[in-house]
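One structure is given here, and the rest of the page talks about it.
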Amino acid sequence: MKLSGCNLPGIIVMAFVMLNSSSTSAITNFNVLNFGAIPTGGTDSTDSFLKAWNAACGTADSTFIYVPKGRYLVGPLAFKGQCKSSQIIIRIDGTIVAPLDYGVLGKSNNWFSFEDVSGVSIIGRGTFDAKGPSLWACKASNSNSCPSGATTLSFTNSNNIRINGLKSLNSQMFHIVINGCQNVHLKGVKIIAAGNSPNTDGIHVQLSRNVEILSTSIKTGDDCISIGPGTENLWIEQITCGPGHGISIGSLAKDLKEEGVQNVTVKKTVFSNTQNGLRIKSWARPSNGYVQGVRFIDSVMKNVQNPIMIDQNYCPNNENCPGQVSGIKINDIVYEDIRGTSSTPIAIKFDCNDKNLCTGIKLQNVNLTYLNKAAQSFCSNVVGKAINLVRPNSCL
Ligand SMILES: *[C@@H]1O[C@H](CO)[C@@H](O)[C@H](O)[C@H]1NC(C)=O
Ligand SMILES: *[C@@H]1O[C@H](CO)[C@@H](O)[C@H](O)[C@H]1NC(C)=O
């Protein structure tokens, strides 16, 4: 393997390897340039990235893949385990750009897809530029022939994942998906897409345990963070969201048999001009799912349409659920220190059903206003209590 002499991490890693030459552990360095990647943005480098991954994955001990500054044209890629290496650090300082033809990514479910891996970190100051606007325009022209689009960064059935730094720009569909994973730590990420871009959720988590999402800024066209069935022990802290649809547990009850959502903390968030703030949303359909043990703490709402909302009766256009009620049981949900402005008169809305009341709902120190006056609250089939100052007056 060739190391390029002018690349700083390469030198550091070489020194590390030499210092440790007597021991069995070492970090082996792989630079995508040495696998033929072209950093000028015009030549397809997909194969070089895959070769660098295969080399790293096939090496015992710790490995390091470096993507230096520059622009790299890369199509859909699956990075698959199991790997021989116990740890793979991918440092991206360049910009990864999608092919101009949106169909290349769009026909694939994912752009960068990590599957069955363990101990993978993706770090750096680099950017994923998925070039989404051409696909969004296709969707806006109402053409049934548009592909649904690719998730920019997807992790499936993987453990011990770190994502640090990095920017996701203009994803075709979701920016980041964490599906079937354990021990995921995401920090300092920037997510950017237009406020009217379709289905561009920032971060989607489902069927996953022990996930942390910290210090991340999300401007996008759909949910900033969406939380699906089977999410357990999720910690979200210091998020700025907007434009976007807020932080949402759900939509749940898509399926009759569904895993529950439990132990979710959302702390220190700022929502600016979003459609929703803190939302729990379920289709009006039968399901054995549930939501319990959710703490929404210390949020600022700036001109948010629905700052606090539980919607158990989601059934747009009355299609696929007429006359049905949600089977999702919602219990033990706390809203504490939530303040700011609503852009609609109803700032707190709890819309549940008489077959499955929402229970254990607690409001504490909530102060939401509408046009400098007290806003209103709406309650249907909900049981709980209000503690200390709660404005608008709680209807619990
Ligand atoms: C809830 O999740 C947090 C991490 O988000 C974890 O530290 C805590 O132990 C979990 N609580 C329970 C009861 O599992
Ligand atoms: C509630 O918020 C409004 C607007 O920000 C503020 O003027 C008012 O003092 C707050 N009320 C309390 C009791 O904190």
Side-chain angles (χ1 to χ4, degrees), residues 155 158-164 176 178-189 203-216 224-239 242 247-249 259-274 277-278 280 290-308 329-348 360 362-377 386-395:
F155 299 85
S158 295
N159 301 323
N160 307 321
I161 303 298
R162 296 180 83 84
I163 305 157
N164 203 312
I176 299 174
I178 296 161
N179 180 14
C181 296
Q182 288 192 39
N183 304 326
V184 179
H185 178 92
L186 182 150
K187 190 173 180 187
V189 172
I203 302 170
H204 178 75
V205 182
Q206 65 175 24
L207 300 171
S208 294
R209 292 169 63 185
N210 305 332
V211 176
E212 272 183 335
I213 300 173
L214 311 175
S215 308
T216 285
C224 287
I225 300 177
S226 53
I227 299 158
T231 300
E232 222 177 287
N233 306 348
L234 171 63
W235 191 279
I236 296 171
E237 187 164 347
Q238 288 217 351
I239 307 297
I247 295 182
S248 186
I249 297 178
E259 290 189 42
V261 173
Q262 63 181 339
N263 189 16
V264 174
T265 302
V266 178
K267 210 173 160 176
K268 294 196 179 112
T269 45
V270 178
F271 298 90
S272 304
N273 301 305
T274 52
L278 305 162
I280 299 174
Y290 60 86
V291 181
Q292 67 179 31
V294 178
R295 306 279 170 271
F296 294 118
I297 306 167
D298 194 356
S299 278
V300 176
M301 304 287 168
K302 298 180 178 170
N303 203 40
V304 172
Q305 287 175 40
N306 306 294
I308 291 178
K329 293 189 171 46
I330 297 174
N331 177 43
D332 185 17
I333 316 291
V334 174
Y335 302 85
E336 198 180 317
D337 293 323
I338 316 288
R339 60 208 179 272
T341 56
S342 173
S343 66
T344 68
I346 297 181
I348 301 178
K362 192 171 112 182
L363 292 163
Q364 182 168 3
N365 297 325
V366 173
N367 183 9
L368 293 165
T369 57
Y370 168 63
L371 299 176
N372 294 321
K373 300 185 300 264
Q376 297 164 37
S377 55
I387 300 169
N388 300 342
L389 170 87
V390 174
R391 267 176 39 132
N393 284 332
S394 146
C395 49

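All of these numbers come straight from a predicted model, not from anything done at the bench. One-based numbering, in listed order, for ligands and for the atoms of each.
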L389 heavy atoms, cut-off 4.0 Å: which ligand 2 atoms fall inside?
13 (C)
If you measure every N or O of N367 against every N or O of ligand 2, does any of those distances drop under 3.5 Å?
yes
Shortest non-hydrogen separation from T216 to K187 and the atoms involved
OG1-C, 4.2 Å
In terms of heavy-atom contacts, P229 and E259 come closest through CB-O, 3.4 Å
Please list the nearest protein heavy atom to atom 12 (C) of ligand 1 with its residue and the distance rounded to 0.1 Å.
N263 ND2, 3.4 Å
N183, V184, N159 screened by side chain to side chain contact (heavy atoms under 4.5 Å, CB included) with N210, the one that passes:
N183
Determine whether any protein heavy atom is located less than 4.0 Å from atom 5 (O) of ligand 2.
no
So if I count the atoms of ligand 1 from 1 in the order they appear, which ones are less than 4.0 Å from some heavy atom of W235?
5 (O)
Short version for T341: what comes under 4.0 Å of ligand 2, heavy atoms counted, is neither
Nearest protein heavy atom to atom 9 (O) of ligand 2: under 4.0 Å?
no
Residues in ring-ring contact (aromatic ring centres under 6.0 Å, His included) with F271, at least two apart?
none
Under-4.0 Å protein heavy-atom contact, atom 14 (O) of ligand 1:
yes
Where M301 and P307 come nearest, the two heavy atoms and their spacing
CE-O, 3.5 Å
Using the rule side chain to side chain contact (heavy atoms under 4.5 Å, CB included), only one of I213, I249, L278 pairs with V266; which is it?
L278
